[in-house]
**Q** 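One structure, as structure tokens, below. Some questions next.
Chain identifiers are assigned alphabetically (A, B, ...) following the order of the sequence lines, protein sequences preceding nucleic acid strands; residue numbering begins at 1 within each chain.
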Number of protein chains: 2
Amino acid sequence: MTTFRARPVVVEMNHLPDPCAHCGARPFSVCSAIEDQDLARLAALAHPFTIEAGRSFIDEGDPAENFYNVTSGTAKLFKLLPDGRRQITGFAGAGHFLGLAVSRTYSFGAEAVETMRICRFSRPKLRVLLEDFPALERRLLEAASNELVAAQEQMLLLGRKTARERLASFLLARAEGQIMLPAGCSHAGRAEAISLPMTRTDIADYLGLTIETVSRTLTRLRTERLIEIPTPSEIVLRDVHALESLASGLN
Amino acid sequence: MTTFRARPVVVEMNHLPDPCAHCGARPFSVCSAIEDQDLARLAALAHPFTIEAGRSFIDEGDPAENFYNVTSGTAKLFKLLPDGRRQITGFAGAGHFLGLAVSRTYSFGAEAVETMRICRFSRPKLRVLLEDFPALERRLLEAASNELVAAQEQMLLLGRKTARERLASFLLARAEGQIMLPAGCSHAGRAEAISLPMTRTDIADYLGLTIETVSRTLTRLRTERLIEIPTPSEIVLRDVHALESLASGLN
DNA sequence: CGCGTGCGTTGACGCAGATCAACGCAGAAA
DNA sequence: TTTCTGCGTTGATCTGCGTCAACGCACGCG
């Protein structure tokens with residue numbers, strides 16, 4: 001049980017005897033498709049490591065050699081234009097997978113917002129895993145479908161909502177844990193206080209706005225008593241109903 | 001921006017002895033995952049329909065009972081806000097599948113742009129098919145991954161590109177068949193003349209603009225000799241390089 | 001300590017694209 | 001034929017958000 005084999009090229013050695021079995025993110029992640037008795041095989045292919053806040057670990061255009069699974073912390077995923085304009089396409093928290101692309105190269109970049117832990121799988125090894133565990137493929141399809149639904153919702157936001165509506169939508173989505181937590185992990189009640197680990201610049205690039213507009217809009221929501229802003233990275237929702245009607249385009 | 005009108009659907013019986021084997025869309029579609037000898041089983045579950053131009057066949061919020069596969073023609077997929085603002089999230093041509101949602105209800109609406117033919121599968125039957133043909137599930141995952149990449153590209157467009165850049169991106173994507181044809185069906189050469197079966201309103205709702213801006217921007221691209229507009233629904237690309245640099249955000 | 005640097009906020013101003021309005025044209029109906 | 005209706009184009013004007021600029025504050029460092 002405590003036997004320990006040396007492994008090839010690992011960023012960080014895996015000291016735990018059974019890391020996947022004790023992974024806090026497993027219930028949320030695609031790894032839950034693997035039964036307990038097969039976890040050792042999963043663990044043998046998973047290379048866990050830590051990424052510090054601000055570090056980028058996927059570059060758009062690089063060969064798509066790895067598949068990642070976030071176990072803690074938060075990443076931002078983004079696309080860039082040559083002149084530096086950036087669109088953040090999503091935030092990935094514990095349980096999220098990254099790098100599903102069919103293409104030979106990554107179509108997006110990824111960078112840690114907070115210090116995070118992720119598991120890396122080489123794509124060939126993932127392929128083997130998928131063949132041996134059809135349930136894993138099913139879970140991936142399910143997860144991809146959910147991502148697609150979220151992406152369409154975001155297109156509606158970017159294409160048709162005003163700045164106020166975008167911020168309201170964003171805050172509510174955060175409150176519902178739709179952004180940082182994996183799909184399927186629904187909370188019974190909605191937290192009124194939400195944390196914003198990302199900067200104003202990140203929020204702006206996620207919502208298709210500028211930092212000034214984000215700041216002004218939040219200030220206005222505060223003066224209208226819809227929210228409180230105890231600190232820049234912490235927001236309390238004071239009038240969830242008003243925010244919801246804003247977010248859905250009414251008013 | 002337009003308000004949305006729902007219309008009924010035309011149903012049609014399946015008269016052909018072996019429809020899937022003779023389906024022109026099969027090479028492009030997820031159905032290509034099914035081997036020839038198993039096509040009869042696929043055909044037994046597929047209900048082919050014709051849908052007339054302008055008819056809606058999926059309503060957002062309705063129970064997600066069916067899965068669809070487009071065999072010819074074009075559909076637009078969209079999301080609505082209560083006040084009628086609309087965002088078209090994509091156009092689905094031959095080979096495209098629709099209705100993958102994990103959710104109990106559809107998260108988007110769909111309407112025929114041109115008269116189209118589609119195959120309907122009930123979700124329970126699709127589930128059986130997926131269990132019997134793992135390759136089908138793999139193809140679905142592949143297709144969903146490609147959709148996701150396209151969705152991220154569209155988020156970049158909606159969040160960060162100017163009207164000119166959006167139109168240039170749209171025209172080039174049409175020319176490359178990225179919009180109407182399924183992923184993986186790449187043309188060797190790029191067609192210079194492209195058809196626009198959708199209205200200006202549809203283009204505007206796809207690009208997050210108004211019809212006036214679409215019209216003006218196309219006119220400007222014409223006066224700058226980047227395109228020609230023989231008829232409103234037909235456009236010739238005269239300077240692909242200039243359009244490409246526009247679309248990628250240079251200039 | 002003073003100084004710099006990064007981040008967020010606020011104000012003044014400008015502009016890309018939205019809004020409001022008019023018109024041309026083709027196809028359908030009478 | 002005339003009239004109507006839907007679609008696209010064009011012009012005049014407006015405005016939400018971007019741009020440019022200044023400033024406050026917290027934090028780290030010499």
**Q** Only one of A/Lys161, A/Arg164, A/Glu244 passes side-chain hydrogen bond (donor to acceptor under 3.5 Å, both in side chains) with A/Ser169; say which it is.
**A**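 Option passing the side-chain hydrogen bond (donor to acceptor under 3.5 Å, both in side chains) with A/Ser169: A/Lys161.
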
**Q** Apply salt bridge (charged side-chain N to carboxylate O under 4.0 Å, His left out) to the pair B/Glu224 and B/Arg220, showing each step before the final yes or no.
**A** CA-CA 6 Å; B/Glu224 293 167 347; B/Arg220 183 165 160 213; 3.0 Å; yes

**Q** In degrees rounded to 10°, what angle is found between the helical axes fit to the five outermost pairs at each end of the helix from C/dC1-D/dG30 to C/dA30-D/dT1?
**A**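 The end axes of the helix from C/dC1-D/dG30 to C/dA30-D/dT1 are about 20° apart, to the nearest 10°.
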
**Q** Does A/Thr199 make a side-chain N or O approach to OP1 or OP2 of C/dC7 shorter than 4.0 Å?
**A**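 Checking A/Thr199 against C/dC7: no side-chain N or O falls below 4.0 Å of OP1 or OP2.
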
**Q** Assess the residue pair A/Arg55 and A/Glu111 against the criterion (salt bridge (charged side-chain N to carboxylate O under 4.0 Å, His left out)); give the C-alpha distance rounded to whole Å, side-chain angles, the decisive distance to 0.1 Å, and a yes or no.
**A** CA-CA 6 Å; A/Arg55 276 271 156 70; A/Glu111 184 181 319; over 6 Å; no

**Q** To the nearest angstrom, how far is A/Leu196 atom CG from C/dT9 atom P?
**A**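 From A/Leu196 CG to C/dT9 P: 10 Å.
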
**Q** Remember a base hit wins even if backbone is also touched, and classify A/Leu209 as base, sugar-phosphate or nothing at under 4.0 Å, heavy atoms.
**A**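 If one applies the 4.0 Å heavy-atom cut-off, A/Leu209 turns out to touch the sugar-phosphate alone, with no base involved.
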
**Q** Please give, in whole Å, the distance from C/dA16 C1' to B/Arg160 CZ?
**A**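 Computing the B/Arg160:CZ to C/dA16:C1' distance gives 15 Å.
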
**Q** Which listed nucleotide (C/dT10, D/dT10, D/dC17) is nearest to the side chain of A/Ala163?
**A**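 Comparing C/dT10, D/dT10, D/dC17 against the side chain of A/Ala163, the answer is D/dC17.
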
**Q** Just how far, in rounded Å, is C1' of D/dC25 from CZ of A/Arg200?
**A**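 Atom-to-atom, A/Arg200 to D/dC25, this comes out as 14 Å.
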
**Q** Apply salt bridge (charged side-chain N to carboxylate O under 4.0 Å, His left out) to the pair A/Lys76 and A/Glu114, showing each step before the final yes or no.
**A** CA-CA 9 Å; A/Lys76 53 190 175 197; A/Glu114 306 167 294; over 6 Å; no

**Q** Should B/Thr210 be listed as having a side-chain N or O under 4.0 Å from OP1 or OP2 of C/dA18?
**A**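 For C/dA18, OP1/OP2 do have a side-chain N/O of B/Thr210 under 4.0 Å.
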
**Q** Can you tell me the distance, in whole Å, between the CG atom of B/Asp205 and the P atom of D/dG8?
**A**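 It works out to 12 Å between those atoms.
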
**Q** Looking only at side chains, do A/Glu52 and A/Thr115 share a donor and an acceptor under 3.5 Å apart?
**A**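 No donor-acceptor contact under 3.5 Å links the two side chains.
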
**Q** Report yes if the distance between the aromatic ring centroids of B/Phe170 and B/Tyr206 is under 6.0 Å, otherwise no.
**A**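 Centroid separation for B/Phe170 and B/Tyr206: below 6.0 Å.
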
**Q** What is the distance from CD of A/Glu212 to C1' of D/dA22, rounded to the nearest Å?
**A**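 Atom-to-atom, A/Glu212 to D/dA22, this comes out as 12 Å.
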
**Q** What is the separation between atom CD1 on B/Ile211 and atom P on D/dG11, rounded to the nearest whole Å?
**A**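 Answer to the nearest Å: 16 Å.
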
**Q** Check the distance between D/dG8's C1' and B/Ile203's CD1 and give it to me in whole angstrom.
**A**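 Answer to the nearest Å: 11 Å.
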
**Q** With a 3.5 Å cut-off and heavy atoms only, can you find an N or O donor on one side and an acceptor on the other between the side chain of A/Arg216 and the base of C/dG11?
**A**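 Checked by distance alone, the answer is yes.
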
**Q** What contact category does B/Ser215 fall into here, base, sugar-phosphate, or nothing, at under 4.0 angstrom with non-hydrogen atoms?
**A**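 It contacts base atoms.
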
**Q** Which word best sums up how the rings of A/Phe57 and A/Tyr68 line up, parallel for under 30°, tilted for 30 to 60°, or perpendicular for over 60°?
**A**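 Correct class here is perpendicular.
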
**Q** Which one, D/dT10, D/dG8, C/dA18, comes nearest to the side chain of B/Thr219?
**A**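 Output: D/dT10.
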
**Q** Just how far, in rounded Å, is P of C/dG24 from CD1 of B/Ile229?
**A**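 Computing the B/Ile229:CD1 to C/dG24:P distance gives 20 Å.
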
